[in-house]
There are 2 protein chains.
Amino acid sequence: MSLRYAILTLLATEPASGYDIVKHFRETLGYFWNAKHQQVYQELKKLSEDGNVLVENQGQEDKPDKKNYRLSAAGLAELQQWLAGSVPPNKINDALLVKLYAGQFTDVANLKAEMHSHRQTHENTLQALLATEQRYRKLTPAEQAHHQLPYLTLRRGILGEQAWLAWADEVMQVLDEQDARS
Amino acid sequence: MSLRYAILTLLATEPASGYDIVKHFRETLGYFWNAKHQQVYQELKKLSEDGNVLVENQGQEDKPDKKNYRLSAAGLAELQQWLAGSVPPNKINDALLVKLYAGQFTDVANLKAEMHSHRQTHENTLQALLATEQRYRKLTPAEQAHHQLPYLTLRRGILGEQAWLAWADEVMQVLDEQDARS
DNA sequence: GCCCATTATGCAAAAACTTGCATAACAATA
DNA sequence: TATTGTTATGCAAGTTTTTGCATAATGGGC
């Protein structure tokens, strides 16, 4: 349900195509929002039918045509109405933790390999977030103030990933000990 | 898709009813798995049809009858097959971060109230997890060793919640400053 | 020249998940 | 005594999300 509002939020800052939005989720905002392209296209269609966004077809010469979406007054109103309410706490479903919980039914080597692979992903994410933070820190105070709230969400990503990696170290230590004992 | 394996994992430790499983998710494992009761009942039905679990109707005197599910050999095999593969990295969709990101379109008081309310939830969760950790620490070394992997998932919950709260402090500080300036 | 990645959109079907309603007995509380 | 909470299960319908397929042009590497 909140995908709708995630899209409206992006469009509130600047007009974009479905492709742009998907790219944004994948490359920049993946630490707090993820969606497949089909889901985004479908939601944009609905938003368009409901009058929350306006579409403009843009023919491009060397690339496929794109549809440029921008927020309508009604769209901004709906976003603000959503913002006025409270959002439910996050639902967590973590398959990796299920696997660890059930770890006694598989071998330690498997668990170690899995942790290793996930740690790589999280390390990559953290590095990308830290690089973004560096770029933020080089902005002028006025620019920083302007992006302060998005920056706070970036901080969530950074602190979250650091905590994940600290946890992974604990896990690897225990798994190494288990390995040594067998 | 992993709900299936979360359920098989719980049943691998001990037989349980749908109600028991839901309760377990809600009260104990909510920091890494969540599901509504309907979803659990539906999945148990499928697991039963596929021969992965065995059912036994238990009449109870003062309470409604319950269905006791336990893992079959085929169920254990399927769980182990799933464990042998790798699990995809977690998909994150955090509506609170969307709201913060779009914070410029609402007022600071609203954001502060929302953060406050979420912080309360996370503090309660952390306290519950820390209490569970204290109980674990009072076990004998042999018992601790037996629950070492579930304990590692508990650590994830604790480190995750602590990181969340540390982040919330950063956010509240910024929001207080913004409030003071206006 | 062939394959793959990127840009750009979409339909159709399946699977996963939520919401609303329904039943039913007991215990505690207002 | 009426309502609410806990135990215990489930159907039916809806919404959300995923998966599979499809098209189409350009540019780069082998």
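Quick note on labels: first sequence line is chain A, next is B, and so on, each numbered from 1.
None of Lys99(B), Glu114(B), Gln104(B) except one satisfies the side-chain contact (heavy atoms from CB on, under 4.5 Å) rule with Leu83(A); the exception is Lys99(B).
Scanning for ring pair (Phe, Tyr, Trp, His ring centres under 6.0 Å) contacts around His118(B) gives an empty result, with sequence neighbours left out. In this structure, the side-chain contact (heavy atoms from CB on, under 4.5 Å) partners of Leu54(B), at least two apart in sequence or on a different chain, are Arg70(B), Ser72(B). Partners of Thr153(A) under the side chain to side chain donor-acceptor pair (under 3.5 Å) rule, at least two apart in sequence or in another chain, are Tyr31(A). Every residue two or more places apart in sequence or in another chain that forms a side chain to side chain donor-acceptor pair (under 3.5 Å) with Ser17(A) is listed here: Asp20(A). Residues passing the side chain to side chain donor-acceptor pair (under 3.5 Å) test with Asp179(A) are Lys112(A), sequence neighbours excluded. Remark: Tyr19(A) pairs with no residue by the ring pair (Phe, Tyr, Trp, His ring centres under 6.0 Å) rule, at least two apart or across chains. Take Glu123(B) and apply the side chain to side chain donor-acceptor pair (under 3.5 Å) test, not counting sequence neighbours, and it matches no residue.
Comparing the end axes of the helix from dG1(C)-dC30(D) to dA30(C)-dT1(D), each fitted to five base pairs by superposing C1' atoms of four pairs onto the next four, gives an inter-axis angle of 30° (nearest 10 degrees).
A side-chain hydrogen bond (donor to acceptor under 3.5 Å, both in side chains) check over residues 40-49 of chain B, counting only residues at least two apart or in different chains, returns the pairs Arg4(B)-Glu43(B).
Between Phe25(B) and Trp33(B), the ring planes lie tilted relative to each other; the angle falls in the 30° to 60° range. Aromatic ring orientation, Tyr101(B) versus Phe32(A): tilted (interplanar angle from 30° to 60°).
As rounded to whole Å, 13 Å separates atom C1' of dT6(C) from atom NZ of Lys66(A). Spacing between atom NZ of Lys23(A) and atom C1' of dT9(C) amounts to 15 Å, rounded to whole angstrom units.
Near DNA chain D, defined here as any heavy-atom distance below 4.0 Å, the residues from residues 30-53 of chain A are Lys36(A), Gln38(A), Gln39(A), Gln42(A), Lys46(A), listed numerically. For the segment residues 1-19 of chain B, the set of residues with a heavy atom within less than 4.0 Å of an atom of DNA chain D comprises Ser17(B), Gly18(B), Tyr19(B), in numerical order. Listed by residue number, the members of residues 88-98 of chain A with any heavy atom below 4.0 angstrom from DNA chain C are Lys91(A).
Under the 3.5 Å distance criterion, the side-chain polar atoms of Trp167(A) are matched with a main-chain donor or acceptor of Leu152(B).
Salt-bridge annotation for Glu170(B) and Arg156(A): absent, with no side-chain N of the basic residue lying under 4.0 Å from a carboxylate O of the acidic one.
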